[in-house]
Amino acid sequence: MTSDPQRRVADFLDANDLHAPPAYRLLDLASEVGELAADATNSTAYGSTPENLDVNRDELGDTLFCLYALAEELGVDAEAAVDESLAKYESRIDDSGDPGSGVPEK
């Protein structure tokens, strides 16, 4: 078995005939992120005790599965996308000392 998570998810999708249009994959991803947010809301009393943050590992796994499945359906190499993102953040840090996009907070 390969250790590449995107390949593992792609193989699972193939083996179980679970391919879906990217729009559905994106909705699945949003739903799973919402479940993580619900865990955060509940465990931190809506953020008032951030030190109590507790998210379910299986929900984090579901979120990662959905993200890799979305990348697969879009034909995007997830590892290459992360590499591009890290390069972008490194460039921002080099240029301004901050990884943010420069958009001011409201």
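Note: hydrogens, waters and symmetry copies are ignored here, and every other heavy atom, side chains too, is used.
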Taking the side chain from S96 and the backbone from R92, do they hold a donor-acceptor pair closer than 3.5 Å?
yes
What pairs of donor and acceptor atoms, side-chain ones from residues 51-65 against any protein atom, are under 3.5 angstrom apart with sequence neighbours left out?
residue, atom, partner, partner atom, Å
N52, ND2, T49, OG1, 3.2
N56, ND2, D39, OD2, 3.3
T63, OG1, E59, O, 2.9

Residues passing the side chain to side chain contact (heavy atoms under 4.5 Å, CB included) test with D17, sequence neighbours excluded, are none
Besides L74, the hydrophobic cluster formed by Ile, Leu, Val, Met, Phe, Trp and Tyr side chains linked at under 4.5 Å, directly or via other members, contains L26, L29, V33, L67, L70, V76
Give a yes or no answer on whether the side chain of N16 reaches the backbone of L18 with a donor-acceptor pair at less than 3.5 Å. no
State whether the side chain of S85 and the backbone N or O of A81 hold a donor-acceptor pair below 3.5 Å, judged by distance alone. no
* Is there a donor-acceptor pair closer than 3.5 Å between any side-chain N or O of E72 and the backbone N or O of R7? -> no
Across all chains, not counting sequence neighbours, the salt bridge (Lys or Arg N to Asp or Glu O under 4.0 Å) partners of D28 are R25
Q: Say whether, by atom type as modelled, one donor and one acceptor occur between the side chain of S48 and the main chain of A45 under 3.5 angstrom.
A: yes
Handout entry: Heavy-atom side-chain contact between E73 and P21 under 4.5 Å
Key = no
Grouping ILVMFWY residues whenever side-chain heavy atoms fall under 4.5 Å, the cluster of L86 otherwise contains V82
Contacts of D14 meeting side-chain hydrogen bond (donor to acceptor under 3.5 Å, both in side chains) (sequence neighbours excluded), chain-then-number -> H19
dist Y24:OH -> C66:SG (nearest 0.5 Å) comes out at 15.0 Å
So the salt bridge (charged side-chain N to carboxylate O under 4.0 Å, His left out) pairs with at least one residue in residues 75-91 (sequence neighbours excluded) are none
Members sharing L27's hydrophobic cluster, built from side-chain contacts under 4.5 Å between Ile, Leu, Val, Met, Phe, Trp and Tyr, are none
The side-chain hydrogen bond (donor to acceptor under 3.5 Å, both in side chains) partners of E32 (sequence neighbours excluded) come to none
Of all heavy-atom pairs linking Y89 and P99, the shortest is CD2-O, 3.3 Å
